[in-house]
Structure formats: structure tokens, C-alpha cells
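Data block below; observations after.
Counting convention: from 1, in listed order, for ligands and their atoms alike.
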Amino acid sequence: MLKIAVLVSGGGTNLQALIDAQARGELHNGQIACVISSRPDAYALERAEKAGIPREVLVRREFPTQDDYDSALLALLARYDAGLVVLAGFMTIISARVTGAYRERILNIRPALIASFCGPGYYGLRVHEAALARGVKVTGATVHFVNEVCDGGPIVLQKAVEVREDDTPETLQRRVMEEAEWKILPRAVSLFCEGRLEVDGLRVRIRKEGESA
Ligand code: GAR
């Protein structure tokens, strides 16, 4: 079983999707080993507690330097023997030291179709505000590997969601979560844990079930 560390900052609905998938036996060869929150008041921590998953809080501003914070994060990940790190609505920037230590072992879910509405400043509700302002007819969600470039890593899965004329940022955010994020994140995590993701530059090939590496 591959140990998974899930990093969160807010409501934790994507964490919940992972917990539910695990309960249904859909995280093949994966087990959520810990939840690490960037905020002590994140509701995601309650979801972890209800599911009996160990919880940790790591607040960036409580560390004098980025290096001190990175050391603490890396120590936590090592303590839980994490083979995969999942950013599920995690709002603290991951440094090059951490992405380097977990190369192609960090997955992120983001609420748009890369390469639209991505990069610094595009997170949470802001992404949906930007999509509506631009008047796109289709948006969606992306699971990608995290590298040194913000939202620039290899794409694992994407799912499109239609924009409606009467959408508000809030209704669009909810539909993107329901129709896309909560589906593709557990699926991508399971594919990773099964060893079915083959990364070649920016491209990710999904091996067929039973196909050897
Ligand atoms: C999700 O929509 C996720 O895609 C987004 O934050 C929300 C977290 O919700 N992530 C980002 O914007 C990362 N750049 P949740 O806490 O309910 O899972």
C-alpha cells in the first residue's frame, strides 16, 4: 500500500472525495496516511478526524524562513512515509526544494482546464470569476503533477464542464467540483498508486490495467 499525504487549507471537499473513494475501495493500492493543513481552523481537519486519519497543522508564517518551513514539511512527509503528496485545495506555495524531493510524486487539483486561467493569482473562486469575465462556454478541472512552474507540470486528467448563462462564480465553482474535481482527483490518485502513470516530458500516458512498466 502506498501512503498518501493530503495537504489542505479549506473546506476539504476534495479530501472528502478521496476519503469516500477509499471507503468504497476505489483507491487501489493507496491509503490516506495523514492530512496536513496550512490553517488550524480548516474544516478539512474535521473531515480527517471523522475518518480517523492523523492530522497535522503547518503554518508557513510560523517559520522564520522558507527553508525552515520546507524542512518541517519534509520531516512530516518522511514521518508518515508518504509515497504520494496530494494538494487538495492547498493554498501555500510549494518550494522547489520540496518539488525536487518529491519529483513526479505530487499531484494537484485545480479548478480550470490548464492552460486556461492558471498561474500565480488564479486560485479558488478567482478562477471562476475570471472564466465568467472572459465569457468561456466550457471550463473544468485538471489534475497535474506539481513542478517548479506554477500550474506548469504534466497533466494527468482533465474533465470539461459547461458554463451556463446564469452562472455566478459560486454556482460554477460548485458544478466544477461536483462534475469534475471530485471525480478526477480520486481517479488520478488511484492511477498513480497502481503505478499506471508514465510521464514523458509534459505528457502523461495512462498504462492499461495489467500493462507492465
Ligand atoms: C477547489 O476548487 C480546488 O480545485 C481549488 O480550491 C478548492 C478547494 O476546495 N484549488 C486551487 O485553486 C489551487 N490552486 P476544497 O477545500 O473543498 O477541496
G12: heavy atom below 4.0 Å from ligand 1, yes or no?
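A heavy atom of G12 does come that close to ligand 1.
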Near [X], which atoms of ligand 1 are under 4.0 Å from a heavy atom of that residue?
{"X": "E181", "value": "1 (C), 2 (O), 3 (C), 4 (O)"}
{"X": "N14", "value": "1 (C), 18 (O)"}
{"X": "M177", "value": "1 (C), 2 (O), 9 (O), 17 (O)"}
{"X": "G124", "value": "11 (C), 12 (O)"}
{"X": "M91", "value": "6 (O), 10 (N), 11 (C), 12 (O)"}
{"X": "Y123", "value": "12 (O), 14 (N)"}

Is the closest basic N to carboxylate O distance between E170 and R175 below 4.0 Å?
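No salt bridge links E170 with R175.
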Are R205 and D200 within salt-bridge range, i.e. N to O under 4.0 Å?
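Salt bridge between R205 and D200, a charged N being under 4.0 Å from a carboxylate O: no.
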Test of proximity, T13 against ligand 1: N or O pairs below 3.5 Å
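Yes.
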Between Q173 and ligand 1, is there a nitrogen or oxygen pair with a distance under 3.5 Å?
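No, there is no polar N/O contact under 3.5 Å.
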Can [X] and [Y] be counted as having a side-chain donor-acceptor contact under 3.5 angstrom?
{"X": "R134", "Y": "S116", "answer": "no"}
{"X": "Y80", "Y": "E56", "answer": "yes"}
{"X": "S71", "Y": "D68", "answer": "no"}

Protein heavy-atom partner closest to atom 10 (N) of ligand 1 - residue, atom, separation in Å
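Result: I109 O, 3.8 Å.
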Identify the protein heavy atom lying closest to atom 8 (C) of ligand 1, giving its residue, its atom name and the separation to 0.1 Å.
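The answer is G89 CA, 3.6 Å.
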Atom OG1 of T139 and atom CD of E179: how far apart are they, to the nearest 0.5 Å?
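Here the interatomic distance stands at 11.0 Å.
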Working to the nearest 0.5 angstrom, can you tell me the gap between E181 CD and R174 CZ?
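Answer rounded to 0.5 Å: 10.5 Å.
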Around atom CZ of R47, are there more than 12 heavy atoms of other residues, nucleotides or ligands at under 6.0 Å?
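Yes, the 6.0 Å shell around CZ holds more than 12 heavy atoms from other groups.
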